[in-house]
Amino acid sequence: MTKSNTGFDWITILIYILLVGFGWINIYSASLGTNDPTDFFNMNVPYGRQALFISLSVVLIILLLSIEAKFYQRFSSIIYSLSLLSLVGLFIFGSTIAGQTAWYQIGPISIQPSEFAKAATALAVAKYLSGIQTNIRDFKHQLKVFLIIALPMLLVLLQPDAGSAMVYFSFAFALYREGLHFVYLLLGFFAASIFVATLAFGPLWVICSILLIAALVYLKNLKKKPNLIKYLFFASVAVGFSLSVNYVFENVFKQHHRDRFNIVLGKEVDSRGIGYNTNQSEIAIGSGGLFGKGWTEGTQTKGHFVPEQHTDYIFSTVGEEWGFMGSTFILGLFVLLMLRLLYLAERQKSTFSRVYGYGVIGILFMHFLVNIGMVIGIFPTVGIPLPFLSYGGSGLWAFTTLLFIFIKLDSQRISF
């Protein structure tokens, strides 16, 4: 075993500081009311509590970086098991808030274990794929790694928290990097496309499209003597899936999920009901113009027209008060962070560190993509935070843990 001590990646740490800092000043603006605006640690308001969460994050970072890198690989299975137990324990000891049993109430602090479970799952996936006997191209090993991902995902889904459960699909990014056949991603994309298209246009049009595409592809490859049975099988599965969409949508999805999909698809207009948040968020962002209205000067933000704007809808404050330029700056920071993490992941000497790095990228990217899409109205409201910017101790600490474990692994790149 060889180990290279290269020091911490300060570019990544700087981006983290900028995102967390910019997040706090926007939380401050979004939660500013009649309280003393100079009392930054006022525990009665979100910006005061977030300042405390950020302070505790510094302690967490010191702890994470003081642990030897090999600890995370050696004890990843235990960390993952404890994470599963924490999710199971919610159904016995958890507190129910807004219909979700997703928190442990410890005095004045609420801890959401599903946020930390993502980092634990990333460690477990990295541990399994780095095994000498593991070959992701082997179907048996594919089933095992899918099970590792599915267990916490199902437990989170039962809370019920569909938004957080959806994030676990981001591990496909790491699996694909390690050799999972592209057909899995392609099938996932087709399934999602058929699902949305069926809801938008109805099963008849989708089925006709499926049969037409299958026929054209078959005729195009006719000289290669394609297997007609195989084409008929995949076309039949796609048609069957399309026919099942409406049943799943009406009987599996909850009413508020159906409403949110219908609003995004333009089948319903509800600017005062379940679509109120998104509608007000779009108004806030659109009113920001090029340079914004100025910090703490956003009329939509000051008027608290977007409910819980300091949490999942924090980007609407950015859009209104900092405008297109400020929004572009934040988006640029996230893109820069993703690219930097991609570079760090590719320079790792061990499979464990590389897979974990790709897990970090996938989780952050999924949160970023869905949250921004939700805020600007192109994705249904599913309630997942914007990493490092949204208010919340569990979210901030979980994303900090996720990121700084990788920073530690990178600082002591280990080759086995």
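Heavy-atom basis, side chains included; hydrogens, waters and symmetry copies ignored.
Taking CD1 of Ile54 as the start and CD1 of Ile17 as the end, the distance is 11.0 Å to the nearest 0.5 Å. A distance of 9.0 Å separates CD1 in Ile330 from CD1 in Ile372, rounded to the nearest 0.5 Å. Atom CD1 of Ile361 sits about 10.5 Å away from atom CG of Leu403, to the nearest 0.5 Å. Rounding to the nearest 0.5 angstrom, the gap separating the CD1 atom in Ile285 from the OH atom in Tyr313 is 10.0 Å. For the atom pair OG1 of Thr299 and CD1 of Ile283, the computed distance is 10.0 Å after rounding to the nearest 0.5 Å. Taking CG from Leu341 and CD1 from Ile11, the interatomic distance works out to 11.0 Å, rounded to the nearest 0.5 Å.
Counting only residues at least two apart or in different chains, salt bridge (charged side-chain N to carboxylate O under 4.0 Å, His left out) contacts with residues 106-118 comprise Glu115-Lys118. Counting only residues at least two apart or on different chains, the ring pair (Phe, Tyr, Trp, His ring centres under 6.0 Å) pairs with a member in residues 59-112 are Phe71-Phe75.
Evaluated for a side-chain hydrogen bond (donor to acceptor under 3.5 Å, both in side chains) with Ser29, the options Glu320, Glu297, Glu321 yield exactly one hit, Glu321. When each of Phe365, Tyr176, Phe173 is paired with Tyr358, the ring pair (Phe, Tyr, Trp, His ring centres under 6.0 Å) condition holds for Phe173 and for no other.
The closest side-chain heavy-atom distance from Phe241 to Ile210 is not below 4.5 Å. Counting only heavy atoms from C-beta outward, the side chains of Asn246 and Leu199 approach each other to under 4.5 Å. Counting heavy atoms from C-beta on, the side chains of Leu56 and Leu52 come closer than 4.5 Å. Looking at Leu364 and Leu402, their side chains come closer than 4.5 Å, going by heavy atoms from C-beta outward. Phe334 has its side chain within reach of Leu389: a pair of non-hydrogen atoms, C-beta onward, lies under 4.5 Å apart. Contact check for Arg177 versus Arg354: side-chain heavy atoms found under the 4.5 Å cut-off. Proximity of Ser130 to Tyr356: side-chain heavy atoms (C-beta onward) are nowhere separated by under 4.5 Å. Within the 4.5 Å cutoff, no side-chain heavy atoms of Gln142 are placed close to those of Leu175.
Scanning all heavy atoms of the two residues, the minimum distance from Gln112 to Ala102 falls at CG-O, 3.3 Å. Scanning both residues, Ser287 and Lys293, for their nearest heavy atoms gives OG-NZ, 3.2 Å. Nearest heavy-atom pair across Ile111 and Ser394 is CA-OG, 3.4 Å. What you find for Gly319 and Ser327 is that their closest heavy atoms are CA-OG, 3.4 Å. Scanning all heavy atoms of the two residues, the minimum distance from Leu157 to Ala162 falls at CD1-CA, 4.0 Å. Between Val355 and Ala174, the shortest heavy-atom contact is O-CB, 4.0 Å.
Judged by distance alone, the side chain of Tyr47 and the main-chain N or O of Asn26 form no donor-acceptor pair under 3.5 Å. Within the 3.5 Å criterion, the main-chain N or O of Leu65 finds a donor-acceptor partner in the side chain of Lys408. Between the side chain of His310 and the backbone N or O of Ile27 there is no donor-acceptor pair closer than 3.5 Å. In this structure a side-chain-to-backbone donor-acceptor pair under 3.5 Å is missing from Ser242 to Ala238. With hydrogens and angles disregarded, a donor-acceptor distance shorter than 3.5 Å links the side chain of Gln348 to the backbone of Leu344. Although no hydrogens or angles enter the test, the distance criterion places a donor-acceptor pair under 3.5 Å between the side chain of Thr198 and the main chain of Ile194. Asp410 contributes no side-chain N or O that, together with a main-chain N or O of Phe406, makes up a donor-acceptor pair within less than 3.5 Å. A side-chain donor-acceptor contact under 3.5 Å links Ser170 to the backbone of Val167.
The side chain to side chain contact (heavy atoms under 4.5 Å, CB included) check on Asn371 picks up Asp312, Met374, Val375, Leu386, with sequence neighbours excluded.
Taking the six-membered ring for Trp and thresholds of 30 and 60 degrees, His367 and Phe399 have ring planes more than 60 degrees apart, a perpendicular arrangement. Trp397 and Phe53 have perpendicular rings, their planes meeting at more than 60° on a 0 to 90° scale where under 30° would count as parallel. Classified by interplanar angle (parallel below 30°, tilted 30° to 60°, perpendicular above 60°), the ring pair Trp295/Tyr28 is tilted. The aromatic rings of Phe329 and Phe22 stand perpendicular to each other, their planes meeting at an angle above 60°, with 30° marking the opposite boundary.
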Notebook entry, point to check: Does the side chain to side chain contact (heavy atoms under 4.5 Å, CB included) test come out yes or no for Met153 and Phe169, once each step is laid out?
Noted result: CA-CA 9 Å; Met153 179 180 175; Phe169 286 109; 3.3 Å; yes

Next item on the list: Step by step, work out the side chain to side chain contact (heavy atoms under 4.5 Å, CB included) result for Tyr391 and Arg49.
Entry: CA-CA 9 Å; Tyr391 166 81; Arg49 293 191 292 271; 2.7 Å; yes

Note to self: The test is side chain to side chain contact (heavy atoms under 4.5 Å, CB included); show your working for Thr328 and Trp322 and say whether it passes.
What the structure shows: CA-CA 9 Å; Thr328 301; Trp322 303 88; over 6 Å; no

Check: Between Phe352 and Leu409, is a side chain to side chain contact (heavy atoms under 4.5 Å, CB included) present by the stated rule, with each step listed?
Finding: CA-CA 9 Å; Phe352 175 82; Leu409 293 175; 4.0 Å; yes

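More than 12 heavy atoms of other residues, nucleotides or ligands lie within 6.0 Å of CD1 in Ile92, so this atom counts as buried by the packing criterion. Around the CZ atom of Phe234, the shell of radius 6.0 Å holds no more than 12 heavy atoms that belong to other residues, nucleotides or ligands.
Counting only N and O atoms by type, the side chains of Gln105 and Ser110 include a donor and acceptor under 3.5 Å apart.
A centroid separation of less than 6.0 Å is found between the aromatic rings of Tyr16 and Phe404.
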